[in-house]
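Following: one structure in structure tokens, then a few remarks.
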Amino acid sequence: MSGYNIRARLGGASIPVSPMTTQQIVNLLKLVGTPRDGALLRFSLGSEYLKCAELDPAIEHLNAAVEKDPGYSAAWKLLGNALAGNGRADEALAAYRKGAEIAKGKGDLQAAKEMTVFARRLEKAIASGKASPERP
């Protein structure tokens with residue numbers, strides 16, 4: 001198999017990231033600032049950056065996604081994941097709570113349940129003094 005591996009560190013563990021992911025980011029970035037720049041594009045960019053453990057750009061694009069569409073519950077969930085992974089527990093908790101509220105309002109009970117569980121885990125981690133809980 002030709003190509004290269006990018007090693008991303010998450011909580012001390014290394015995971016291989018495929019070169020395809022980085023090419024997808026390059027392709028998606030070309031659309032930023034064009035008429036196709038919307039919540040879905042920013043969600044996709046955030047998701048790809050999250051896969052590469054590039055948390056700052058992931059957070060930036062996921063924030064843009066929820067700004068463009070505050071009702072995008074999947075973007076709230078990934079934003080919470082990125083913030084939690086970046087050690088920003090209070091912000092992650094707020095994102096999970098907001099996302100769960102939005103998901104419930106839309107009838108997306110599974111997403112609401114997932115974010116509620118992630119929020120509870122994060123609350124427990126904060127209460128026990130852990131900087132960041134296990135990744136959701």
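- With rounding to the nearest 0.5 Å, the separation of NZ in K51 from CG in L78 is 9.5 Å.
- Residues E48 and L28 meet the side-chain proximity criterion, which asks for heavy atoms closer than 4.5 Å.
- Side chains of Y72 and L40 form a contact here, defined as non-hydrogen atoms less than 4.5 Å apart.
- Under the ring pair (Phe, Tyr, Trp, His ring centres under 6.0 Å) criterion, no residue pair touches residues 73-95, with sequence neighbours excluded.
- Remark: A65 engages R42, F43, A75 in a side-chain contact (heavy atoms from CB on, under 4.5 Å) (not counting sequence neighbours).
- Applying the side-chain hydrogen bond (donor to acceptor under 3.5 Å, both in side chains) rule to E123 yields the partners R97; only residues at least two apart in sequence or on another chain are considered.
- Judged as a side-chain hydrogen bond (donor to acceptor under 3.5 Å, both in side chains), and not counting sequence neighbours, the contacts of D56 are N86.
- Residues A82 and L62 come closest through the heavy atom pair CB-CD1, 4.2 Å.
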**OP:** Please report the C-alpha distance between R88 and I59 in whole Å, then the side-chain angles of each, then the deciding distance to 0.1 Å, and finally whether the side-chain contact (heavy atoms from CB on, under 4.5 Å) criterion is met.
**Re:** CA-CA 11 Å; R88 296 162 61 178; I59 291 166; 3.6 Å; yes
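- Separation of atoms NZ (K98) and CG (L93) is listed at 14.0 Å; rounding is to 0.5 Å.
- Going from atom CD of E91 over to atom CG of L79 covers 8.5 Å, rounded to the nearest 0.5 Å.
- Looking at heavy atoms from C-beta onward, K68 lies out of side-chain contact with L41 at the 4.5 angstrom threshold.
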Show the atom names and distances, to 0.1 Å, of all donor-acceptor pairs under 3.5 Å that link a side chain in residues 99-115 to residues at least two apart or in another chain.
{"residue": "K106", "atom": "NZ", "partner": "G71", "partner atom": "O", "Å": "2.8"}
{"residue": "D108", "atom": "OD1", "partner": "A111", "partner atom": "N", "Å": "3.4"}
{"residue": "Q110", "atom": "NE2", "partner": "E114", "partner atom": "OE2", "Å": "3.2"}
{"residue": "E114", "atom": "OE1", "partner": "K77", "partner atom": "NZ", "Å": "2.4"}

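- Applying the ring pair (Phe, Tyr, Trp, His ring centres under 6.0 Å) test to residues at least two apart or on different chains, the pairs with a partner in residues 46-70 are Y49-H61.
- S128 is linked by a side-chain contact (heavy atoms from CB on, under 4.5 Å) to K130, counting only residues two or more places apart in sequence or in another chain.
- Partners of N27 by side-chain hydrogen bond (donor to acceptor under 3.5 Å, both in side chains), not counting sequence neighbours, listed by chain and number: Q23.
- Between the side chain of T34 and the backbone N or O of L31, at least one donor-acceptor pair lies under 3.5 Å.
- I25 and V32 fall within a single hydrophobic cluster, where Ile, Leu, Val, Met, Phe, Trp and Tyr are joined by side-chain heavy atoms under 4.5 Å apart, directly or via other members.
- Scanning all heavy atoms of the two residues, the minimum distance from A95 to L83 falls at CB-CD1, 4.2 Å.
- Annotation: side chain of L122 is in contact with side chain of Y96 (closest heavy-atom distance under 4.5 Å).
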